[in-house]
Amino acid sequence: MSGTVKKVTDVAFKVGKNIDWDGMGKLLVSDEARREFSNLRRAFDEVNSQLQTKFSQEPEPIDWDYYRKGIGPRLVDMYKEHYESIEVPKFVDTVTPQYKAKFDSLLIELKEAEEKSLKESERLEKEIAEVQELKKKLSTMTADEYFEKHPELKKKFDDEIRNDNWGY
């Protein structure tokens with residue numbers, strides 16, 4: 001059993017080293033997300049630390065002769081027999097296969113959301129550039145130049161004037 005636990009802890013340690021925590025942290029936008037991410041990282045480090053220290057060590061062998069001298073051979077032999085008859089069941093992972101498909105679908109959703117976010121970011125950057133350009137030109141721009149870029153406003157104002165609706 002301890003050989004299996006050692007393998008698991010070695011894998012967990014290697015995975016922990018390969019995680020780019022700083023890179024992921026830079027992607028977070030809100031303070032709440034940063035707090036949750038910090039909690040996740042702290043929990044991961046705690047579990048990883050426990051795996052490395054507590055569960056990766058081989059148990060010390062029992063010195064049965066020492067106990068035979070102090071307690072008596074009959075009682076110690078009975079404990080030894082029962083101790084050696086204990087079979088620790090092997091861990092069979094039945095959870096990971098169930099959630100692997102869910103995790104994969106979440107990754108697909110994440111990619112789609114990322115693409116959507118990037119497109120929206122591009123649109124907003126263009127809009128910001130347009131507003132900044134408008135801000136620079138605003139002091140020298142004529143109404144005709146403005147209405148050229150925004151024909152819907154010209155139509156709205158023309159309709160209001162035609163209908164004798166002057167906004168009051």
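The structure presented is a predicted model; accordingly, all values stated were derived computationally and were not measured.
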Working to the nearest 0.5 angstrom, can you tell me the gap between [X] [atom1] and [Y] [atom2]?
{"X": "W21", "Y": "S38", "atom1": "CH2", "atom2": "OG", "value": "10.0 Å"}
{"X": "E115", "Y": "K111", "atom1": "CD", "atom2": "NZ", "value": "8.5 Å"}
{"X": "S121", "Y": "K116", "atom1": "OG", "atom2": "NZ", "value": "14.0 Å"}
{"X": "F103", "Y": "Q98", "atom1": "CZ", "atom2": "CD", "value": "16.0 Å"}

Could you tell me whether [X] and [Y] make a salt bridge, using a distance below 4.0 angstrom between a side-chain N and a carboxylate O?
{"X": "K155", "Y": "D158", "answer": "no"}
{"X": "K69", "Y": "D65", "answer": "no"}
{"X": "K154", "Y": "D144", "answer": "no"}

**OP:** Return the minimal non-hydrogen interatomic distance between T140 and E145, and the atom names on each side.
**Re:** O-OE1, 4.1 Å
Can you give the donor-acceptor pairs under 3.5 Å from side chains of residues 125-133 to other protein atoms, not counting sequence neighbours?
unit_1, atom_1, unit_2, atom_2, d
E127, OE1, R123, NH1, 2.9
E133, OE2, K137, NZ, 3.0
E133, OE2, K149, NZ, 3.4

Kindly indicate whether the side chain of [X], heavy atoms from C-beta on, has any atom under 4.5 Å from the side chain of [Y].
{"X": "L75", "Y": "R68", "answer": "no"}
{"X": "K156", "Y": "E152", "answer": "no"}
{"X": "L110", "Y": "E114", "answer": "no"}
{"X": "T142", "Y": "F147", "answer": "no"}
{"X": "F44", "Y": "I19", "answer": "yes"}

**OP:** May I ask you to check whether Y67 and Y79 place their ring centres under 6.0 Å from each other?
**Re:** no
Subject >> Under 3.5 Å donor-acceptor, S49 side chain and E46 backbone >> reply: no
**OP:** Let me see the working for Y83 and K80 under side chain to side chain contact (heavy atoms under 4.5 Å, CB included), right down to the final yes or no.
**Re:** CA-CA 5 Å; Y83 177 80; K80 182 179 178 185; 5.5 Å; no
Subject >> Trace of the side chain to side chain contact (heavy atoms under 4.5 Å, CB included) decision for D20 with D22 >> reply: CA-CA 6 Å; D20 182 15; D22 295 330; 4.2 Å; yes
Under 4.5 Å between side-chain heavy atoms, counting indirect links through other Ile/Leu/Val/Met/Phe/Trp/Tyr residues: same cluster for [X] and [Y] or not?
{"X": "F37", "Y": "L106", "answer": "no"}
{"X": "F91", "Y": "V88", "answer": "no"}
{"X": "V29", "Y": "L40", "answer": "no"}

**OP:** Sorted by first residue and then second, give each side chain to side chain donor-acceptor pair (under 3.5 Å) pair with at least one member in residues 26-37; sequence neighbours left out.
**Re:** D31-R34
Original post:
More than 12 heavy atoms of other residues, nucleotides or ligands under 6.0 Å from CD of E84: is that the case?
Top reply: yes
**OP:** Run the numbers on L153 and Y146 for side chain to side chain contact (heavy atoms under 4.5 Å, CB included), then give the verdict.
**Re:** CA-CA 9 Å; L153 282 176; Y146 185 80; 3.6 Å; yes
